[in-house]
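Input: a single structure, listed below in structure tokens.
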Amino acid sequence: MTGPRVAVVGAGIGGSTVALALARRGVDVTVFERRPDVPRVGSGLGLARNGRLVLEGLGLGPALDRTGAPITSMRLLDAAGSERAHYDVGALLGLRRADLLRIVLDALPAGALHHGRECAGVDVGDGPPLVRFTDGTTATADVVVAADGLHSRAAAAVTARPDLQPSGTSALRGFVDGHGLPDAVRHGQNAWLGADRHLLSYPVDRTGTLNVAAFVPRPPGDAGDWSSRVDPDDVRAAFAGWDPDVTALLARADEVYRWDLADREPFAPWSRAGVVLLGDAAHPMLPHMGQGANQAIEDAAVLAALLADAPDRSDRADLGARLAAYERERAPRTARVQDGSRRNGRAFSGGSSSPGGADLSWVHGYDAPAAGLAAARRS
Ligand SMILES: Cc1cc2nc3c(=O)[nH]c(=O)nc-3n(C[C@H](O)[C@H](O)[C@H](O)COP(=O)(O)OP(=O)(O)OC[C@H]3O[C@@H](n4cnc5c(N)ncnc54)[C@H](O)[C@@H]3O)c2cc1C
């Protein structure tokens, strides 16, 4: 084994990827996930070129290609279905979040993943951090990665994060069967833009399943997690009279889940005394650039390169410097993506067909493994 011993809290997209990236470099890594198993509910997501580059480097390219749906274009339409703009989206792969998670988790070394372990908090001091679990057990490691998402408990050991900022928008999401729909709907990414709401669809597998996400002004009540169900008739009513393709998509929706969207202002620091934040725990973002998971995957590649290169796991000053180098590399970029996602949300839900810059080469062209190696060389 090489580098520090690492404990990862949360086996979501970011936590599972950092664990795999570390394991592939010979680091001793353990992942603690509160759920009893990989969740079946969830949503679709778009794996963009920047995220895919990382996962391909971990040997997951063939599994991704067998599972996901390649998407090459995005159409922006008005509510009546007239095309306003058309973008090349590069090498986007549509996937179910649960399928992506399964692919990454299946590649972890045997025994590295522990389900049913809920972190209650992390204690820090002069020595290695200590993770406390709700079942009364504890675990220690040289570095603890807080990858436990938007409502991270492990993050409290690092800093008091700014409050979540509700966006006033809810995402109503479900999977539908795309068979019989026009090719442009079945195979592409489509966004229908209305005055205060918009609807997005794209394929997520090779059997014709589409992810449909309606972004609407937040209805009364709360939806705390992915498993909050809503009545599909409410979604149909919210888009009544829209393009017949929208009506056809929503007619097929029988299970719809609500998620109230929120993000948080960028903050610092991301690490303290051997605990470091990753993914949504560090930089939750609105979904309007489709980058939340991709940015978590990028974080994973950079952090793994820096930690795997550490010459002495007992040198806490060196480990702290490596965690600071990770934040220096990642924080400016993720803050820019957070800002772009907010702008896109405003533009889309205002019915504008020119969201914050069609040139996304700065997003998709980032090479996280190379950035991580360069940061490690500078350390
Ligand atoms: C509507 C919507 C659409 C989206 N679409 C896209 C998209 O198209 N493309 C994209 O890139 N991103 C998208 N995202 C964002 C993406 O889902 C998240 O940004 C991404 O999942 C973040 O990964 P993560 O690992 O940080 O957190 P998560 O994937 O949320 O994982 C956190 C993990 O930690 C576990 N956990 C939580 N608390 C504890 C605890 N106390 N102890 C132990 N384990 C714990 C959770 O069970 C979970 O497994 C979307 C988000 C939303 C809301």
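Keep in mind it's a predicted model, so treat the numbers as computed, not measured. All ligand and atom numbering here is 1-based and tracks the order in the structure.
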Item to check | Ligand-residue contact atoms, ligand 1 with Ala171, heavy atoms, under 4.0 Å | outcome: 1 (C)
Item to check | Atom indices of ligand 1, in the order listed, that fall short of 4.0 Å to a heavy atom of Glu118 | outcome: 41 (N), 42 (N)
Item to check | Numbering as shown, the atoms of ligand 1 that approach Gln291 to under 4.0 Å (heavy-atom distance) | outcome: 10 (C), 11 (O)
Checklist entry - So, Asp99 and Arg102, do they make that salt bridge, N to O below 4.0 Å? => result no
Checklist outcome for this item: Sorted by chain and number, sequence neighbours left out, salt bridge (Lys or Arg N to Asp or Glu O under 4.0 Å) with Glu327 holds for none
Next on the checklist: So, regarding Gly46 and ligand 1 (criterion: nitrogen or oxygen to nitrogen or oxygen, under 3.5 Å), is there a contact or not?
Outcome noted: yes
Checklist entry - Can you pull the salt bridge (charged side-chain N to carboxylate O under 4.0 Å, His left out) pairs that have at least one residue in residues 265-292, sequence neighbours excluded? => result Glu265-Arg342
Checklist outcome for this item: Quick note on ligand 1: atoms under 4.0 Å from a heavy atom of Trp259 include exactly 53 (C)
Next on the checklist: Is it true that, when you exclude Arg49 itself, more than 12 heavy atoms of the residues, nucleotides or ligands shown sit nearer than 6.0 Å to its CZ?
Outcome noted: no
Checklist entry - Is it true that Asp148 and Arg153 have a side-chain N and a carboxylate O under 4.0 angstrom from each other? => result no
Next on the checklist: Please evaluate residues Thr209 and Arg96 with respect to the criterion side chain to side chain contact (heavy atoms under 4.5 Å, CB included), reporting the C-alpha separation (whole Å), side-chain torsions for both, the decisive distance (0.1 Å), and the verdict.
Outcome noted: CA-CA 10 Å; Thr209 309; Arg96 287 187 180 81; 3.5 Å; yes
Item to check | Residue portion contacting ligand 1 (non-hydrogen atoms closer than 4.0 Å) for Arg34 | outcome: both
Checklist outcome for this item: Residues Asn211 and Gly44: closest non-hydrogen pair is OD1-N, 3.2 Å
Checklist entry - Does a sphere of radius 6.0 Å around CG in Asp135 hold more than 12 heavy atoms from other residues, nucleotides or ligands, not counting ones at 6.0 Å or beyond? => result yes
Checklist entry - At a 4.0 Å cut-off, with the gap strictly under it, does some heavy atom of His151 reach an atom of ligand 1? => result no
Next on the checklist: Tell me if the CG atom of Asp231 is crowded by more than 12 foreign heavy atoms within 6.0 Å.
Outcome noted: yes
Next on the checklist: Test of understanding: given a 4.0 Å heavy-atom threshold, classify the contact between Ala147 and ligand 1 as side chain, backbone, both, or neither.
Outcome noted: backbone
Checklist entry - For ligand 1, which atoms, with element, lie under 4.0 Å from some heavy atom of Leu45? => result 6 (C), 7 (C), 8 (O), 9 (N)
Next on the checklist: Which of the numbered atoms in ligand 1 are under 4.0 angstrom from any heavy atom belonging to Ala11?
Outcome noted: 49 (O)
Checklist entry - Looking at Phe133, does the NZ or CZ of Arg117 lie under 6.0 angstrom from its six-membered ring centre and within 45 degrees of the ring axis? => result yes
Item to check | Mutual orientation of the aromatic rings belonging to Phe215 and His198 [parallel < 30°, tilted 30-60°, perpendicular > 60°] | outcome: parallel
Next on the checklist: When you measure from the heavy atoms of Ser43 to every atom of ligand 1, does any distance fall below 4.0 Å?
Outcome noted: no
Checklist outcome for this item: Candidates Met289, His115, Arg173, Arg97; heavy atom nearest atom 4 (C) of ligand 1 found on Arg173
Checklist entry - Could an N or O of ligand 1 be found under 3.5 Å from any N or O of Asp280, whether backbone or side chain? => result yes
Next on the checklist: Any nitrogen or oxygen of Gly149, side chain or backbone, less than 3.5 Å from one on ligand 1?
Outcome noted: no
Next on the checklist: So if I count the atoms of ligand 1 from 1 in the order they appear, which ones are less than 4.0 Å from some heavy atom of Gly279?
Outcome noted: 26 (O)
Checklist entry - Does Ala293 reach ligand 1 with a nitrogen or oxygen that is under 3.5 Å from one of the ligand's nitrogen or oxygen atoms? => result yes
Item to check | Hydrophobic cluster membership, Val9 vs Val6, 4.5 Å side-chain cutoff | outcome: yes
Checklist outcome for this item: Taking only non-hydrogen atoms of Gly12 and a 4.0 Å limit, the atoms of ligand 1 in range are 25 (O), 29 (O), 31 (O), 33 (C), 49 (O)
Checklist entry - Can you find an N/O atom of Asn294 closer than 3.5 Å to an N/O atom of ligand 1? => result yes
Item to check | For atom 15 (C) of ligand 1, the option (of Gly292, Pro287, Gly15, Cys119) bearing the nearest heavy atom | outcome: Gly292
Checklist entry - So is there a nitrogen or oxygen of Gly14 less than 3.5 Å from a nitrogen or oxygen in ligand 1? => result yes
